[in-house]
Each structure stands twice: as C-alpha cells, then as structure tokens.
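Reading through the structure tokens given below for one structure.
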Amino acid sequence: MTTTPVALTLNAGSSSLKFGLFDISGAPAVMAVGQIDSIGKAPRLKASFGPGRSPVSRDLTPAEAADHKSALATALAVLREAFPRAKASAVGHRVVHGGPSYDRPMVLTPEVMEELRRLSPFAPIHQPHNLAGIDAAVEAFPEALQVACFDTAFHRTHPKVNDVFALPREYYDKGVRRYGFHGLSYDYISGELKRIAPLIHEGRVIVAHLGNGASMCGMIGGRSVASTMGFTALDGLPMGTRTGQIDPGVIFYMVQQEGMSIDEVRQLFYSKSGLLGLSGLSNDMRALEAAGTVEANEAIDYFVFRIRRELGGLAAALGGLDALVFCGGIGENSRLIRERVCEGMGWIGLELDRERNGRNDTVISTDMSRARVMVVPTNEELVIARAAKDFLDTRG
Ligand code: AMP
C-alpha cells in the first residue's frame with residue numbers, strides 16, 4: 001500500500017461526473033483528471049493520467065453509468081487500474097449551493113448534509129446530484145474525510161446592496177438572495193493573480209468565466225463585490241443553453257399565453273436557449289465560430305454584447321477597472337471573442353494587443369493600456385483538492 005496521501009475530487013452535474021486524483025503530500029499535484037458524460041443515456045468516459053501514460057476515451061455500457069453511483073464506481077475502477085496502490089484519505093466535492101451562511105469549504109458532517117439537503121430547492125437541478133455524489137462517495141470511502149466546496153461561498157463578501165432583490169423583505173430572510181456562482185473558479189483566479197500579479201490582485205478586477213456556463217465577477221482586493229449570476233445560475237450572461245438575464249415577464253407570458261407548464265419553461269430557459277436557442281445550431285462556441293451562418297453570427301453578437309454591457313456595469317460597481325481576466329473554455333481559447341469584447345473599450349482603459357491575443361499570452365493588452373487584459377486558465381479541481389488537504393493537515 002502506498003504511503004502517498006491522495007485526495008479525490010468529485011464534481012457531479014445533472015448528467016456528468018468530473019473527477020480528479022491529487023497527490024497531496026505537498027502542494028496538491030494532479031495525478032489524474034477525467035469525466036463521465038451522458039450518465040443514464042449514452043455514457044462516455046474520458047480520463048488522462050499525466051505524462052507517460054495513455055489517456056482513456058471510450059463509450060461506456062449503460063450499466064457502467066446508469067446513475068451517479070455506478071458512474072462513480074466506474075471512475076474509481078479506472079483510477080484503481082491506473083494507480084492500484086492509491087487510497088483516498090479525503091474526498092472533496094463541488095457543491096453548487098452553500099446558502100447564505102457557508103462562506104468557506106466545510107467538512108461534511110450529518111448536520112452539514114442536512115443543511116445542504118434543506119438548500120436543494122434553491123438549486124433543484126444541481127444540488128440533488130451533488131448530494132447523490134456525496135452519498136456514493138461516503139459509501140465508497142467510509143473512512144475518508146469528506147469536504148464540500150461551494151460555488152456560492154466566494155460571493156458571500158457581496159455588500160448587502162448587491163445581495164438583495166427588490167422584493168418584500170421576508171423573502172430575503174427566507175434565502176431569496178443574489179448568491180452568485182462559479183465561485184471555485186473565481187477563488188482560483190484570485191489566488192493566481194495574487195501569485196503572478198500581486199498589485200493587480202489588490203485592485204479592481206473583473207473576471208469573465210466564459211465556458212458552457214458563463215458569468216462575470218467584479219473583485220476588489222481579490223474578494224467578490226458583484227457578480228452577474230444571482231439567485232440561480234440562470235441570470236447574467238447568455239450561456240451554451242441558458243438564457244442569461246431575461247425579463248421575468250416572459251415567464252408569465254409563456255405560462256399564460258403559450259400554455260406552458262413551469263417545468264416546460266424551466267426546460268426552455270435552462271436547456272434550449274442561449275447560444276443554442278439563438279443559433280438554432282449548437283451550444284458550442286467552436287461550432288458557431290466555424291459555422292458562419294447569419295443565426296450563428298447573431299448568437300455570437302448577442303454573447304459579446306451582453307459581456308460588454310456587464311463589463312461596463314461591473315466597472316461602475318467597482319469604481320473603475322485595473323484588469324479584465326478571461327477564463328473558461330471560451331475565455332481561455334477564443335481569440336475572436338476576446339478581441340470583440342475588448343474592441344473600442346479604450347474609454348474604460350482597455351487596449352488589446354492583437355499579436356499577444358493571437359498567441360494566447362497571459363497578458364494580452366498593450367504596454368500602454370491603462371487596464372491590463374489577461375488570460376488565466378482556471379482550475380476548479382485544484383481549489384477542491386487544496387481545501388481537502390487543508391482540512392486533513394489541520395486534523396493532523
Ligand atoms: P467549458 O465549459 O469551460 O469547458 O467551455 C466550453 C466552451 O468552450 C464551448 O463552447 C467550447 O466551444 C468553447 N471552446 C473551447 N475551445 C475553444 C476554441 N479554441 N475556440 C472557441 N471556443 C472554444
């Protein structure tokens with residue numbers, strides 16, 4: 001049996017399970033990362049194990065990932081084959097909702113689990129899957145320390161004015177608040193800025209997490225002041241299949257005039273809208289950039305337009321701007337989107353260097369630009385592994 005302590009990280013989505021294995025003998029170092037998609041439908045596995053080892057990419061049988069429990073068993077079998085002697089002493093979980101009170105990772109005790117179950121109605125599409133992943137991991141690793149890391153926690157520093165909706169006060173007390181999400185990603189970026197650009201970290205920074213899910217966060221001194229997502233991960237920017245900000249009156253119209261049920265409206269807003277809905281083609285930015293159809297271009301135009309609007313709004317909330325940081329699959333890879341977001345933004349102090357942008361450099365603004373523009377690859381799994389290690393260390 002190996003003596004190297006390892007941590008397993010799990011990120012259970014509605015039909016996917018992302019997993020990572022980290023050596024935590026020192027600063028967490030990744031040993032393996034992988035993902036099972038289309039759980040319960042036509043499941044597929046992808047995993048990579050670092051230099052010198054072949055990655056795995058194959059279709060699974062329905063039984064290998066019929067639900068989150070069997071998907072976890074399959075993921076563990078793959079990890080065991082690659083690292084037969086590794087035994088997780090901690091399991092870190094991404095949990096979408098930590099409610100108003102959890103502003104940092106928590107060890108999963110029965111009391112914390114009860115509170116997280118109570119929060120399920122706030123994130124009915126994600127939280128139950130996160131909790132199913134935790135239950136499966138507790139069964140698989142009864143002796144391991146189980147740690148939850150919340151997407152909402154990073155934003156608990158929001159000032160009250162940015163935490164409320166203009167609803168009667170009783171609903172705030174019941175938890176109807178602007179929580180904000182993608183917190184693990186923002187936490188990672190904040191830490192990276194502190195390491196690679198400490199002066200920028202101290203200043204006014206807007207981070208654009210642009211992936212299949214997309215949001216932006218305004219930070220001062222590395223702490224969240226405002227974000228584009230609110231009560232749910234539906235608000236703010238348009239996403240792969242989600243609407244982003246929409247007049248709530250549209251919901252009344254859909255129900256009263258289109259005869260839709262609330263579940264149908266939810267399905268429409270979460271799964272059929274955004275880039276997919278506008279383009280009629282795909283939720284995938286690469287496919288839209290390649291397509292060149294009128295509809296695909298309009299979808300891209302809308303995506304860029306909303307990012308630019310939020311950029312202005314967040315800069316106002318911060319009282320100015322020292323840096324814009326791109327991350328997420330689109331932010332880290334799409335030169336086109338970054339260029340279009342920054343186009344004509346000199347008034348806010350942004351001046352993009354096209355060559356640096358074309359090379360995907362870390363700093364992609366010109367030397368004369370008042371505010372810096374950066375590309376910083378995010379790493380949510382590492383944030384979870386660090387939290388798991390910290391708890392293990394403090395427990396001796
Ligand atoms: P994520 O959810 O962070 O994995 O990001 C997924 C999104 O990133 C999808 O819309 C992809 O099409 C997009 N993406 C990944 N690579 C590129 C690229 N080279 N150019 C444009 N979009 C990309």
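First listed ligand is number 1; within each ligand, the first listed atom is number 1.
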Closest protein heavy atom (residue, atom, distance) for [atom]:
atom                    : result
atom 21 (C) of ligand 1 : S334 CB, 3.6 Å
atom 13 (C) of ligand 1 : I330 CG1, 3.6 Å
atom 18 (C) of ligand 1 : N333 CB, 3.4 Å
atom 9 (C) of ligand 1  : M285 N, 4.0 Å
atom 12 (O) of ligand 1 : D284 OD1, 2.5 Å
atom 3 (O) of ligand 1  : G329 N, 2.9 Å
atom 23 (C) of ligand 1 : R286 CG, 3.7 Å

Can you say whether the rings of H68 and H129 are parallel (under 30°), tilted (30 to 60°) or perpendicular (over 60°)?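 Answer is tilted, since the angle falls between 30° and 60°.
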
For E289, atoms of ligand 1 separated by under 4.0 Å from a heavy atom: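 Here the atoms of ligand 1 in question are 21 (C).
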
Just jot down the ligand 1 atoms closer than 4.0 angstrom to any heavy atom of G211, in number order.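 Counting from 1, the qualifying ligand atoms are 1 (P), 2 (O), 3 (O), 5 (O).
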
Knowing that exactly one of Y102, Y179, Y186 qualifies, which makes a ring-ring contact (aromatic ring centres under 6.0 Å, His included) with H155?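 When Y102, Y179, Y186 are each tested with H155, the ring-ring contact (aromatic ring centres under 6.0 Å, His included) holds only for Y186.
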
So among P28, P105, C149, which one has a side chain to side chain contact (heavy atoms under 4.5 Å, CB included) with R386?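 Looking at P28, P105, C149, the match for R386 under the side chain to side chain contact (heavy atoms under 4.5 Å, CB included) is P28.
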
Measure from NZ or CZ of R177 to the centre of the six-membered ring of Y172, then state whether that distance is under 6.0 Å and the direction lies within 45° of the axis.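 Yes; both conditions hold, so R177 lies above the ring face of Y172.
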
Could you tell me whether E289 and R286 make a salt bridge, using a distance below 4.0 angstrom between a side-chain N and a carboxylate O?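 No, E289 and R286 are not salt-bridged.
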
Ion pair check, K69 and D135, cut-off under 4.0 Å: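 A salt bridge is absent here (no side-chain N lies under 4.0 Å from a carboxylate O).
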
Pairwise distance CZ(R195) to OG(S190) - rounded to 0.5 angstrom: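 OG of S190 is found 12.5 Å from CZ of R195.
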
Report yes if some N/O of N212 lies less than 3.5 Å from some N/O of ligand 1; otherwise report no.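 Such a contact does occur with ligand 1.
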
